[in-house]
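Notes for the one structure printed next.
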Amino acid sequence: LVMGGKMKFPEESIDSVRQVIGTVRNICAHIDEQGIIRNLDSDSSMVEIFNSDIIRFMLYLTASDGAVAEEEAEIISEILGKPIGVSQCVEILEGGGIYSTEFESSVPVSFQAIDMISNINGTNVGESLYTVYELIGKLIILSNESVHPQEIEDLNIYLATLRSHLDSSD
């Protein structure tokens, strides 16, 4: 839907993404509580790592066309359920090495952990998380008036990295 020149997503899309993100956060909290996975490189909880992974993914896509649009910051805010402005997005991007070949070819720590737990429990949470990344990616790309081909290419590269991980961990 386009309203006033801006893409407007059905609230159900944003709500379902938020709901699944909430479920994943609960899984991460369970991982933390049970001490199932210890991240040796960080003192951060799995919930914090997941939050960081999702934010970094969204910012990676916003950087694809060389600029962070106000609409992209707005959709990130809606997905996170808290405000984040263009200047904050740019600040994180500039300090994080996010838009890089290394980033797009690395599977997020939280994704690996959730997929590992999913494989142990015989559930399909890793596959569901992949779908969340795919939906978030589409929401980010479609959030402003112009879809740049590089945004689509970068989403496809990142999703291929996640898919390859899922396929190799079965």
- Query: Tell me, do H30 and M46 make a side-chain contact under 4.5 Å, heavy atoms counted?
  - Reply: no
- Query: Which residues satisfy the ring pair (Phe, Tyr, Trp, His ring centres under 6.0 Å) test with F57, sequence neighbours excluded?
  - Reply: Y133, Y158
- Query: Could you state the interatomic distance from NZ (K138) to CG (L159), rounded to the nearest 0.5 Å?
  - Reply: 8.5 Å
- Task: Please collect all side chain to side chain donor-acceptor pair (under 3.5 Å) contacts where either partner lies in residues 50-61, sequence neighbours excluded, each pair once.
- Result: R25-N51, D53-S110, Y60-E104
- Heavy-atom closest contact (R18 atom, E78 atom, distance): NE-O, 2.6 Å
- Between CD on residue E33 and CG on residue N26, distance to nearest 0.5 Å: 9.0 Å
- Charged N to carboxylate O below 4.0 Å: is that the case for E127 and R163? yes
- Polar side-chain atom of S143 near backbone of I75 as donor-acceptor pair, under 3.5 Å: no
- Minimum heavy-atom separation for G137 to L155, with atom names? CA-CD1, 3.8 Å
- Go through the steps to decide whether I136 and I21 satisfy the test side-chain contact (heavy atoms from CB on, under 4.5 Å), and finish with yes or no. CA-CA 10 Å; I136 288 172; I21 286 174; 3.9 Å; yes
- Query: Is L166 close to L162 at the side-chain level, that is, under 4.5 Å between some pair of heavy atoms?
  - Reply: no
Give the table of side-chain donor-acceptor pairs shorter than 3.5 Å for residues 89-100, with sequence neighbours excluded, one pair per line with atom names and distance.
from	atom 1	to	atom 2	distance (Å)
Y99	OH	D154	OD2	2.6
S100	OG	G97	O	3.1
S100	OG	F103	N	3.0

- Item | Rounded distance (nearest 0.5 Å) linking atom CD1 of I79 with atom CD1 of I14 | 5.0 Å
- Message: Within this structure, what is the CG-CD1 distance for the pair L61 and I141, rounded to the nearest 0.5 Å?
- Response: 5.5 Å
- Message: Is there a path of hydrophobic side-chain contacts, each under 4.5 Å between heavy atoms, that joins V47 and V17?
- Response: no
- Query: When you look at D65 and E72, which way does the side-chain contact (heavy atoms from CB on, under 4.5 Å) test go after all the steps?
  - Reply: CA-CA 11 Å; D65 61 0; E72 291 168 328; 4.2 Å; yes
- Message: Could you tell me if the side chain of I114 sits less than 4.5 Å from the side chain of C28, heavy atoms only?
- Response: yes
- Is there a donor-acceptor contact under 3.5 Å from the side chain of S164 to the main chain of A160? no
- Message: Rounded at 0.5 Å granularity, tell me how far NE2 in H148 sits from CD in E153.
- Response: 10.0 Å
- Message: I need the minimum non-hydrogen distance between E102 and S106, along with the two atoms involved.
- Response: O-OG, 2.7 Å
- Query: For L59 and I76, what are the C-alpha separation, side-chain angles and deciding distance, and is it a side-chain contact (heavy atoms from CB on, under 4.5 Å)?
  - Reply: CA-CA 9 Å; L59 291 176; I76 291 171; 3.9 Å; yes
- Message: Measuring only between side-chain heavy atoms, which start at C-beta, is M58 closer than 4.5 Å to L80?
- Response: yes
- Query: Taking C-beta and beyond as the side chain, do V125 and Y130 meet within less than 4.5 Å on heavy atoms?
  - Reply: no
- Task: Please step through side-chain contact (heavy atoms from CB on, under 4.5 Å) for the pair L129 and D115, ending with a clear verdict.
- Result: CA-CA 8 Å; L129 186 53; D115 184 47; over 6 Å; no
- Query: Roughly how far, to the nearest 0.5 Å, is the CZ atom of F50 from the CD1 atom of I54?
  - Reply: 4.0 Å
